[in-house]
Amino acid sequence: MRTPGRWMIAVVVGGAVLVVLSILAIDRSLTTYVEHHARGRLEALARASLGLAEMRLEQITTTLLDLAATGIDDCNPQVIEAMRRAVFSTTILKGLEILDDQGRIVCTHAGVPLEVPAVSREYQVAGQRFGLAVVRFRNRIDRAVRLRLDRPGGRSLSSIVAADALLPDTVFDDGRGSRRLRLTLGSGDVISTRPAGDEGAGLDDGRSLTVRKSSDRYPIAIVAERSRETLADEYQDLLMIGRLGSTVFFAFGLGFLWLSVRRNHNDPVATLKRAIQNGEIVPFFQPTVDTKNGRVRGAEVLARWRSPDGSMISPANFIPLAEQSGLIYELTRALMKRARDEMGAAYASRPRLRLSFNLFAGHLADARIVEDMKKMFEGSAVAFDQLVLEVTERAPLPDLGEARRVIAMLQELGIKVAIDDVGTGHGGLSYLLKLGVDIIKIDKMFVDAISTERYSQTIIETLVELARSMGMEVIAEGVETFEQVEYLRLKGIHEAQGFVFAPPLPASSYLALVEAMERPHLKVVPEPLAAVDSAA
Ligand code: C2E
Ligand code: CA
Ligand code: CA
């Protein structure tokens, strides 16, 4: 098992950074949500408070209109009595006075003048004959609102309304004064505040939430504020659940990421897939040699896994996994493309050279291999008739009839098909006859036994006989000694492969060998397939 690579650490560090950023983002949206929610509540408070102030003012205007309707041009005892009754029955009404057209007090409900010096100028109530101003009241400490009914050409009726009564008695609060209300004139002059007497500049300094609502009916406005600092306390539970939730969620996510990265890293199939995609599976080339004259006839492509640390992994260690997992198709294509590109130039000028690839039994289960071969080699520098595909006899073919059909289609293209490891499988000779292949490759086992086992020679002789009668070529594999070469040549086996000539070579070595041993020939260009088709 390999230790975690740098990329794995990078993935995990990247994941952690992403998680932290996500948590920060969630935290930010939580804060935004909390602020939004708090602002909504503040707006509701402002609306309700403004509604209350309007309702109270409305109550007073009605009282004034009623009184005016009974006649106030005279300050007779009945008028004063009516005013007194109105003041007593209306809690928020603190005083009434009748003014002459110069604004001088003529009489009051109390019999003595009310001392209410103006704090602001008087504002006209839109569309009505009322004027509204802020005044001082009672020892000149408290504030009050003077609402004056103006009667053109006559006396006017002025009322003093307790400013305090225009705001709700209690503002839901956490007791730390975090919520504040201010009722002001449109001009900004303060009428009343909650908490009472708090006429400071307000919290409107960026650290607080502020909502302002103006009345359409009276020249007044409400400003509702709360400090942002206390928000976190009030929404503590929500924020905590949100933060905890997102942290737990991401911790799981990170754990999951780590596990899947680890699993993926330790998963041999995923590792092999990555290796194929990273081009770590490379072709080696084992030459096949003419036993009569020692010339190179071509090469068998054998897969090697060149891992990033430079070590070479033999196919016995990954081909079985590739076959089980189905990666063999991708692997074979990658190998073929690479061999084609590496050998193209040398093969194009040496049309007699062959390039042979190993197939797996599944490759002959359907015609996809035919399409693959067309895609990869049609019009390429390596011609179809330079190609050999080897199918091993060791593993039984899933569907003999279909294999036969696929082999015929390959042969139609000009590709030759060989049976590999002949003599080791269970199919026997009848197998070879049914498939109609072009070449048989006699397994190393028989070559090894040539000098020691008599039966081995018999088998080789039988195979040569059979091949000759069926027009098949024979190649001997795993040839390690000159005695074996001599024997094979005498038996009419003209092509051999083995360590006596060369082991599987990297592309550069095989190319050097070919260039040294085989002079380039002009390639005979085959008729294009289309021309053959149209002639048919
Ligand atoms: P194979 O197709 O029978 O390939 C011949 C194997 O015998 C090669 O082993 C080769 O290195 C070895 N060999 C060649 N000459 C001699 C010799 O004189 N003496 C000895 N002792 N060995 C010799 P390699 O390369 O390890 O390949 C092993 C098997 O892996 C191959 O057997 C083949 O079945 C499979 N294989 C290799 N590449 C591929 C591939 O691309 N696709 C598929 N499906 N199978 C592959
Ligand atoms: Ca082979
Ligand atoms: Ca073989």
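Numbering of ligands and ligand atoms starts at 1, following listing order.
- Interface of D420 with ligand 1, defined as ligand atoms under 4.0 Å from a residue heavy atom, comprises 2 (O), 3 (O).
- F384 and L413 get closest at one heavy-atom pair: CB-O, 3.2 Å.
- Contact annotation for D443 and ligand 1: no heavy atom of the residue comes within less than 4.0 Å of the ligand.
- Within the 4.0 Å heavy-atom criterion, neither part of Q497 lies near ligand 1.
- Of all the atoms in ligand 1, the ones that sit under 4.0 Å from a non-hydrogen atom of E300 are 2 (O), 4 (O).
- There is a protein heavy atom less than 4.0 angstrom from atom 43 (C) of ligand 1.
- Within a 4.0 Å radius of atom 18 (O) of ligand 1, the protein contributes at least one heavy atom.
- The P504 neighbourhood of ligand 1 comprises atoms 11 (O), with distances under 4.0 Å to a heavy atom of that residue.
- Of all the atoms in ligand 1, the ones that sit under 4.0 Å from a non-hydrogen atom of G498 are 15 (N), 18 (O).
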- [ ] Please step through side chain to side chain contact (heavy atoms under 4.5 Å, CB included) for the pair R333 and E330, ending with a clear verdict.
- [x] CA-CA 5 Å; R333 279 193 297 271; E330 198 178 332; 4.2 Å; yes

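- Counting the atoms of ligand 1 from 1 in the order shown, those under 4.0 Å from a heavy atom of D421 are 3 (O).
- One option in E477, R304, R394 has a heavy atom closer to atom 5 (C) of ligand 1 than any other, and that option is E477.
- The shortest N or O to N or O distance between F499 and ligand 1 is below 3.5 Å.
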Open item on the list: Show, in sequence, the C-alpha distance, side-chain angles and deciding distance for T288 and F501, and conclude whether the side chain to side chain contact (heavy atoms under 4.5 Å, CB included) test is met.
Closed with: CA-CA 8 Å; T288 55; F501 305 117; over 6 Å; no

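- Taking distance alone, with nitrogen or oxygen atoms compared against 3.5 Å, Q286 approaches ligand 1 more closely than that limit.
- Taking a 4.0 Å cut-off on heavy atoms, A316 fails to register as neighbouring ligand 1.
- Closest to atom 4 (O) of ligand 1, if we only count protein heavy atoms, is L302 CD2, 3.4 Å.
- Rounding to 10°, one obtains 90° for the angle at the Ca ion (ligand 2) between OE2 (E300) and OD1 (N358).
- Ligand 1 lies nowhere less than 4.0 angstrom from a heavy atom belonging to T392.
- Contact of the L435 side chain with the V391 side chain is not registered, since no non-hydrogen atoms from C-beta on lie closer than 4.5 Å.
- The pair E495-R297 meets the salt-bridge criterion, with a side-chain N (NZ, NE, NH1 or NH2) lying under 4.0 Å from an Asp/Glu carboxylate O.
- Under the side-chain contact (heavy atoms from CB on, under 4.5 Å) test applied with I419, the options V417, V422, D421 reduce to a single match, V422.
- Look at E402 and R405 and you find a salt bridge, because one of the NZ, NE, NH1 or NH2 atoms lies within 4.0 Å of a carboxylate O, short of that distance.
- Closest heavy-atom approach to atom 41 (O) of ligand 1 within the set L335, I319, N358: this belongs to L335.
- Among the atoms of S356, none of the N, O or S atoms falls under 3.0 Å from the Ca ion (ligand 2).
- Residues E371 and K374 are paired through a salt bridge, judged by an N-O separation under 4.0 Å between the basic side chain and the carboxylate.
- R354 approaches Y347 most closely through the heavy-atom pair O-OH, 2.7 Å.
- Scanning the protein for heavy atoms near atom 28 (C) of ligand 1, the closest one is P315 CG, 3.9 Å.
- Near-neighbour remark for the Ca ion (ligand 3): protein N, O or S atoms under 3.0 Å are D420 OD1, D421 OD1, E477 OE1, E477 OE2; waters not counted.
- In this structure, R338 contributes its side chain and G279 its backbone to a donor-acceptor pair below 3.5 Å.
- Proximity of I328 to I319: side-chain heavy atoms (C-beta onward) are separated by under 4.5 Å at one or more points.
- Remark: among candidates E390, K444, H363, K441, the nearest residue to atom 20 (C) of ligand 1 is K444, based on non-hydrogen atoms.
- Distances from atom 32 (O) of ligand 1 to the protein include no heavy-atom value under 4.0 Å.
- Heavy atoms from both the backbone and the side chain of A303 come within less than 4.0 Å of ligand 1.
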Task: Residue pair Y33, L238: steps toward the side chain to side chain contact (heavy atoms under 4.5 Å, CB included) verdict - done: CA-CA 10 Å; Y33 168 78; L238 180 74; 3.6 Å; yes

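- Between the side chain of Q497 and the main chain of E477, no donor-acceptor pair closer than 3.5 Å is present.
- Less than 4.0 angstrom separates atom 22 (N) of ligand 1 from at least one non-hydrogen atom of the protein.
- Remark: side-chain polar atoms of E518 are not paired, donor with acceptor, to backbone N or O of V514 under 3.5 angstrom.
- Within the 4.0 Å heavy-atom shell around ligand 1 one finds G478.
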Task: Test side chain to side chain contact (heavy atoms under 4.5 Å, CB included) applied to I442 and V474, step by step - done: CA-CA 7 Å; I442 298 178; V474 180; 3.5 Å; yes

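- With a 6.0 Å radius and a threshold of 12 heavy atoms from other residues, nucleotides or ligands, E465 has its CD atom at or below the threshold.
- There is no protein heavy atom less than 4.0 angstrom from atom 12 (C) of ligand 1.
- Separation of atoms OG1 (T332) and CG (N358) is listed at 9.0 Å; rounding is to 0.5 Å.
- Using a cut-off of 4.0 Å between Lys/Arg side-chain N and Asp/Glu carboxylate O, K441 and E300 are scored as salt-bridged.
- The L359 neighbourhood of ligand 1 comprises atoms 44 (N), with distances under 4.0 Å to a heavy atom of that residue.
- Taking the six-membered ring where the residue is Trp, F357 and F377 present tilted rings, their angle falling between 30° and 60°.
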